[in-house]
Engineer: 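Once you've had a glance at the structure underneath, I'll fire off some questions.
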Amino acid sequence: MMLMASCLKIKQNTSMSGRVIDFGTGEPIENVRIYVQDGFTGSGPIINHDDIGENEALTHTDENGEFFVEIKAENNPVLFPSKSREYWNYNEGGLVQSGEIFTKGQNHDNIEIILRGKAYLNFRAESINGQADSIKFLGYLDYPSLSTRSISEGKSFNRQEKFAYGNSYYTYDFSYKREGVWTSILDSIYIPLGETRGDTIYY
């Protein structure tokens, strides 16, 4: 019966159109690769790992970040947007890695895709008088608790090439303990797309 169901699959025209924008600025992104695949190779109870066809489609965004793509698919097609040299993977950690599923046989309009630009942070903290019992560093992007690190009996902290989102603020909470009392320094630094920015705190 499963074999018969597979043979009865009908290819249907599916279109997708929308706009790709930068997470930090909200501005359109030109020349983003828009690749569409007939179905998705995955695993688990939600996605059937056999639901993948041979058809595919490819286009790129224009100067306004807009795109239109059409595919004749027998499965729900998956759209994979990417501009890997400048932007992190789309939908990282989502149900479909780097992609988004759309229902076959329909016209999907006004799709908004947000890509997060690549950037890095170099962060250093150094005690002025050489006194500190403990150090904590907590970094934020658009959500808290991205990363935490503690150093016992620390006097300095150095974190190089910590990934961040370009064209946006990277917020950090640096804490140190002296004589059993914690002091917290909350600050942020703006990091343009594709750059590595440094920040140093003397405490």
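Because only heavy atoms are used, hydrogens play no part in the values below, and waters and symmetry mates are left out as well, while side chains stay in.
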Engineer: Short question: side chain of Asp109, backbone of Ser17 - any donor-acceptor pair under 3.5 Å?
Structural biologist: no
Engineer: List in chain and number order the residues that pass salt bridge (charged side-chain N to carboxylate O under 4.0 Å, His left out) with Arg33, two or more places apart in sequence or in another chain; answer none if no residue qualifies.
Structural biologist: none
Engineer: Are the side chains of Trp182 and Ser134 in touch, meaning some heavy atoms are under 4.5 Å apart?
Structural biologist: yes
Engineer: Per the salt bridge (Lys or Arg N to Asp or Glu O under 4.0 Å) rule, what does the pair list look like for residues 165-194, sequence neighbours excluded?
Structural biologist: none
Engineer: To which residues is Ile128 joined in a hydrophobic cluster, defined by side-chain heavy-atom contacts under 4.5 Å among Ile, Leu, Val, Met, Phe, Trp and Tyr, whether direct or through other members?
Structural biologist: Tyr202
Engineer: Hey, does the side chain of Lys118 reach the backbone of Ser84 with a donor-acceptor pair shorter than 3.5 angstrom?
Structural biologist: yes
Engineer: Return the set of residues passing salt bridge (charged side-chain N to carboxylate O under 4.0 Å, His left out) with Lys83 (not counting sequence neighbours), or none when no residue passes.
Structural biologist: Glu86
Engineer: Do the rings of Phe23 and Tyr165 sit parallel, tilted or perpendicular, given the 30° and 60° boundaries?
Structural biologist: perpendicular
Engineer: Going by side-chain contact (heavy atoms from CB on, under 4.5 Å), name the residues that satisfy it together with Ala73, two or more places apart in sequence or in a different chain.
Structural biologist: Asp38, Ile71, Pro77
Engineer: With clusters defined by side-chain heavy atoms of hydrophobic residues (ILVMFWY) lying less than 4.5 Å apart, directly or transitively, does Ile185 cluster with Tyr170?
Structural biologist: yes
Engineer: side-chain contact (heavy atoms from CB on, under 4.5 Å) with Ile111: which residues, sequence neighbours excluded?
Structural biologist: Met16, Phe67, Phe102, His108, Ile113
Engineer: Which residues pass the side chain to side chain donor-acceptor pair (under 3.5 Å) test with Ser188, not counting sequence neighbours?
Structural biologist: none
Engineer: If the condition is side chain to side chain donor-acceptor pair (under 3.5 Å), which residues does Asn122 pass it with, not counting sequence neighbours?
Structural biologist: none
Engineer: Would a distance-only check, ignoring hydrogens and angles, find a side-chain to backbone donor-acceptor pair under 3.5 Å from Trp88 to Gly117?
Structural biologist: yes
Engineer: Would you say the side-chain atoms of Arg124 pair up with the backbone N or O of Asp199, donor to acceptor, closer than 3.5 Å?
Structural biologist: no
Engineer: With sequence neighbours excluded, tell me which residues meet side-chain contact (heavy atoms from CB on, under 4.5 Å) with Asn110.
Structural biologist: none
Engineer: Return the set of residues passing side-chain contact (heavy atoms from CB on, under 4.5 Å) with Glu112 (not counting sequence neighbours), or none when no residue passes.
Structural biologist: Ile21, Ile114
Engineer: In Å and rounded to the nearest 0.5 Å, what is the CG to CD distance from Asn75 to Gln12?
Structural biologist: 10.5 Å
Engineer: Let me see the working for Glu70 and Asn13 under side chain to side chain contact (heavy atoms under 4.5 Å, CB included), right down to the final yes or no.
Structural biologist: CA-CA 7 Å; Glu70 191 171 27; Asn13 287 329; 4.2 Å; yes
Engineer: How many angstroms lie between atom CG of Asp22 and atom CZ of Arg116, to the nearest 0.5 angstrom?
Structural biologist: 10.5 Å
Engineer: Could you tell me which residues satisfy side chain to side chain donor-acceptor pair (under 3.5 Å) with Asn55, sequence neighbours excluded, listed by chain and number?
Structural biologist: none
Engineer: Pairs under 3.5 angstrom only: tabulate donor-acceptor contacts from the side chains of residues 25-32 to other protein residues two or more places apart or in another chain.
Structural biologist:
unit_1	atom_1	unit_2	atom_2	d
Thr25	OG1	Glu27	N	3.1

Engineer: Do Phe80 and Tyr90 have side chains that get closer than 4.5 Å, going by heavy atoms?
Structural biologist: no
Engineer: Measure the CZ-CZ distance between Phe123 and Arg197 for me, rounded to the nearest 0.5 Å.
Structural biologist: 16.0 Å
Engineer: Looking at Gly24 and Ser168, what are the two nearest heavy atoms and their distance?
Structural biologist: CA-CB, 4.2 Å
Engineer: So how far is it from Ile201 CD1 to Ser127 OG, rounded to the nearest 0.5 Å?
Structural biologist: 12.5 Å
